[in-house]
Structure formats: structure tokens, C-alpha cells
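Okay, so here's the structure we're looking at.
All chains are named by letter (A, B, ...) in the order of the sequence lines, taking the proteins before the strands, and each is independently numbered beginning at 1. Please read all numbers here as calculations on a predicted model, not as lab measurements.
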2 protein chains.
Amino acid sequence: MRLLLVEDSPRLIELVSETMHEAGWRLDAVSTLRDAEAAIASREHDLVLLDLGLPDGDGLGLLKWLRQEHAGLPVLIITARGSVDERIEGLDAGADDYLVKPFHHRELLSRCRAMLRRNPQAIQPVLEAGSLRYDPATADLTCGGEVVPLPPRERSLMEILMREVGRVVPKRRLETALSEYGQELSSNALELAVSRVRKKLQSLKTGVQIETVRGIGYLLRTNS
Amino acid sequence: MRLLLVEDSPRLIELVSETMHEAGWRLDAVSTLRDAEAAIASREHDLVLLDLGLPDGDGLGLLKWLRQEHAGLPVLIITARGSVDERIEGLDAGADDYLVKPFHHRELLSRCRAMLRRNPQAIQPVLEAGSLRYDPATADLTCGGEVVPLPPRERSLMEILMREVGRVVPKRRLETALSEYGQELSSNALELAVSRVRKKLQSLKTGVQIETVRGIGYLLRTNS
DNA sequence: GCCCGGCTGTCGAAATCCTGTCGGGAAAAG
DNA sequence: CTTTTCCCGACAGGATTTCGACAGCCGGGC
């Protein structure tokens, strides 16, 4: 589950980033409409959090474009413009929800959840492999009903591998997917994560293991 | 997964190459229509990225030829010609998608993914020869159910040979296919790989062997 | 503030695995 | 018969991968 935040205040970016991280979601932040458009075009995100007051223009224009080009993508407007007229304008432009600053981060979170719940396009089915299940919406990995707590990085890794069960995922792809927008991963961060996840998978009996495909990548395989 | 980029700007070639590498795909770049035609004729690629403005002519001509000769091959046009009419012209000529420069590399990536996803031809089926099977998804080579572990180079070799069972594959082609982006292979690396694979094929009873065609290349033949 | 615990990175060692070099020899071509 | 091409055993260097130990960071609780 990957969200896009369009916002130019570093403080707010930090706050939201924090919040989403806590929920087990990944957040990319951009500060301009131009970057936002590019990021959305990449179709990697499941939800957009849009601030209206941006340095290079008004977010409503982006929203209209977005409604034409990416109709199904849920958008939540975050803004200081709190009057009724302004709300109506935002929602009429195609936003799915509207949140006025300042807001409580827990409200943001639950609004996001609600949007993802009601938007069937964005709901990714629960992923399964062996006795493992991963729910992208709640970011819970469970093994036979019991939650397996995983730190963010390891969780992302599992999410990708489970989405491609039985198929090799190239290292390069895993690396870019695990890194937050832009940052490079350190040399062996991926291998570390794999190693750590492996150990956890082993201690539970998951019926699943991560195999190495030398020179290419990794592959989640169900013991059969 | 191997892509062909037809483009004459070195900068753009570099950018795209980077991007595709990140996705774990292989990219070959050519700068002229002539080279493009030759590359496509070799049928090594799963997707073509085509710039329209090339030094030796217009890409649309190539596209039309391509649609006749290689109907299933997905083509994405990359160009600065962004007007509606131009887009329509490109798509009508048989392009599967159309991307206007400048573009964000992540958008390119996801458009490629989308094309490959919807193009069933590019989803590589399991390859078979004799009692051998090679599954590109898991990178497993199996012989009668048992996995035959192969190092990367030998695996690539087998993959190519199996894709062309019964046909001679020129050494040159094998060499470029086995070499990582740019690097030359050492003098007899290919022969080494062939030799090593041969030994493995022999010890199993695969009903398959690699034959030498002197001065040309190799050929995988099923004993019959 | 201060400590604690969880997460992630660095370092480094070790194991494993891959692939090249070398070189003699076989086979085919001319 | 000579030349070219190819084959392949043995071996070594090097690349890749794994993982333990440990350190820094950061947020939360006291």
C-alpha cells in the first residue's frame, strides 16, 4: 500500500509520513504539481493526499486532470481552506474526502482507511502463500491467525514477494521498491532484510520460504 | 525480459537504460531505423520503445512494417510530437501506447509494465524440450520433475537455446545475450558454458543435446 | 533528562558458488 | 598436413550471498 502526499510544508510532510509509517504504509511526498503529476502517472500509488496551496499552482487543476486520467484513484484534500463553499468546490472537483487543517493525525488515518475500504479498485485482495496471509490495507502479516510483527522494511519485502509468489523478483526491483522515493539503499540492506525475514519465517511454520536465485533475485516459494 | 530502444539521443538512451535496469530488464539500444529493423528481425525483444524522430527517417514507417511482420510485438512510441492529431496518427499506425517527451522515467516504467501485462504473448510460457522444462518465472530448469540447478550464465544459455529448439543460434548472438550490458565476454566463455551445460545434460537423461554447428553456432536438438 | 527497545545500518568473516585462464588435445576444414 | 575451431579438465581468483556482532538512531516511557 503506497500513498502519495502532495504538500510543500516539510513539517506536515514529516507528520503525515510518520502517521502512515505507523499504519504500515509507504508514503512518497512531492512538493510541486509537476512532480505530483509525474508520480501519479507512474501509477504506483493507491491514494493521493493533496494539499491545495502549492507553490506552482492550485491543486484543483491537478485534481481535474487526475479525474480524467486516473479516474479510480482516491483523492483526499488536505487544506486550510475550510469554508463550506471551498469544501464543496473541492469535492465537486472530484475529491473523495476533504480534511481541513489543522487536523488530528488519527483522523487522517481513519479517513484514509475508509477511502480505501470503499474504493474497490484500490483494495488489493489479501495475499496468500502457504499459511501466510498479508492484508495490504491493514498491513498485517498473519500466520495461521496469529499476527507476525514485522518492521517496515521487512514488511514491504514480504508484500512484494507475496504479490509475486512463485516468481523470481529481481534484486534491483526489490531494492527500488524498498527504498523510499529517491533514496538509494545501502549496499546490503536488501540481503539483510531477506536474512532477517527468513529467520522469522523459519521459526514459524509458514510452509513458505525465500529462495535465492543467484545473480537474479529472490523468490518466495511454498513448500510443496 | 528484453526491450529494444530505438532512439538517437545518448542522454535519453542512458536514462532509459538506467530505468530498465532498475526494473530488472535488459535493454538494447539502436539509433537508426536500419539497426532497429535488424534487431527486431532477430526476435529477441519483448517490447519496442520507438522514438519517431530519427536521423535516417521517420519511425512511423518502421512501425507499419513492424505491424505486418511482427504483429504481436508491443510498441510504445516516445516522442516530442504531442498534439492530439499526432497521437492519433501514432496509435492508428499500430502503436500500443504513446508517451510524450519529456516524461518521467517512472511513468515509462509503469507503462511498460502495463503493456507487458496485457500482452499475453510476452508472458513467457514454460519452455520445453525433450524431458526438459524451463520456467522463466521461477528460473527453474527441471528434468522429469527434478530441478537442475544452473548458474546464471548457463541458465541464460539454456533459456535461449530452448527458445529456439531445433534451430541454430549464432555464436555472436549467444555471446551478446550472455554478456551483461556492455561487457565483452572473454574469448571462450561461451564454449565453456556450453561445455558445462553439456556435461550436466548428459548426466541426466534429458533426451536433449547441444550440437555444434561449426563456424556458426549451436543448436539444441531433441534425440528422436 | 535518561534509559530502553526496536529498527536498520556497518563491518567483517565465512561459505558457497561462478567463471575465467591455461593448455593439451580432438575434430573439422581446407 | 596444416590451420582453424572447438572441447574440456584442472585450478584459482573472484564474485555473491549469508549472517553474527555490534553501533547509531529515534521515539516512548519513566
Return the value, rounded to whole Å, for the distance between atom [atom1] of [X] and atom [atom2] of [N].
| X | N | atom1 | atom2 | result |
| --- | --- | --- | --- | --- |
| B:Lys200 | D:dC7 | NZ | C1' | 16 Å |
| B:Arg172 | D:dT5 | CZ | P | 14 Å |
| A:Leu157 | C:dC7 | CG | P | 15 Å |
| A:His21 | C:dC7 | NE2 | C1' | 11 Å |
| A:Arg198 | D:dC19 | CZ | C1' | 10 Å |
| A:Leu190 | C:dT10 | CG | C1' | 16 Å |
| B:Leu178 | C:dC18 | CG | P | 15 Å |
| A:Glu191 | C:dA13 | CD | C1' | 15 Å |

Please list, by residue number, the residues of residues 209-221 of chain A whose heavy atoms come closer than 4.0 Å to an atom of DNA chain D; answer none if no residue qualifies. A:Thr212, A:Arg214, A:Gly215, A:Tyr218
Once you round to the nearest 0.5 Å, how far does [atom1] of [X] lie from [atom2] of [Y]?
| X | Y | atom1 | atom2 | value |
| --- | --- | --- | --- | --- |
| A:Leu5 | A:Leu12 | CG | CG | 6.5 Å |
| B:Asp46 | B:Leu3 | CG | CG | 7.0 Å |
| A:His70 | A:His45 | NE2 | NE2 | 11.5 Å |
| A:Leu109 | A:Glu107 | CG | CD | 10.5 Å |

Establish, with yes or no, whether the OP1 or OP2 oxygen of D:dT16 is under 4.0 angstrom from a side-chain nitrogen or oxygen of A:Lys171. no
Would a 4.5 Å heavy-atom cut-off, applied to side chains only, mark A:Leu150 and A:Lys200 as touching? yes
Considering only nitrogen or oxygen atoms on both sides, find all protein atoms under 3.5 Å from nucleotides 20-28 of chain D and state each distance.
{"from": "D:dG20", "atom 1": "OP2", "to": "A:Lys199", "atom 2": "NZ", "distance (Å)": "3.2"}

Give a yes or no answer on whether the side chain of [X] reaches the backbone of [Y] with a donor-acceptor pair at less than 3.5 Å.
| X | Y | value |
| --- | --- | --- |
| A:Arg133 | A:Val126 | no |
| A:Arg172 | B:Trp25 | no |
| B:Asp28 | B:Leu4 | no |

Give a yes or no on whether A:Glu211 atom CD has more than 12 heavy-atom contacts from other residues, nucleotides or ligands under 6.0 Å away. yes
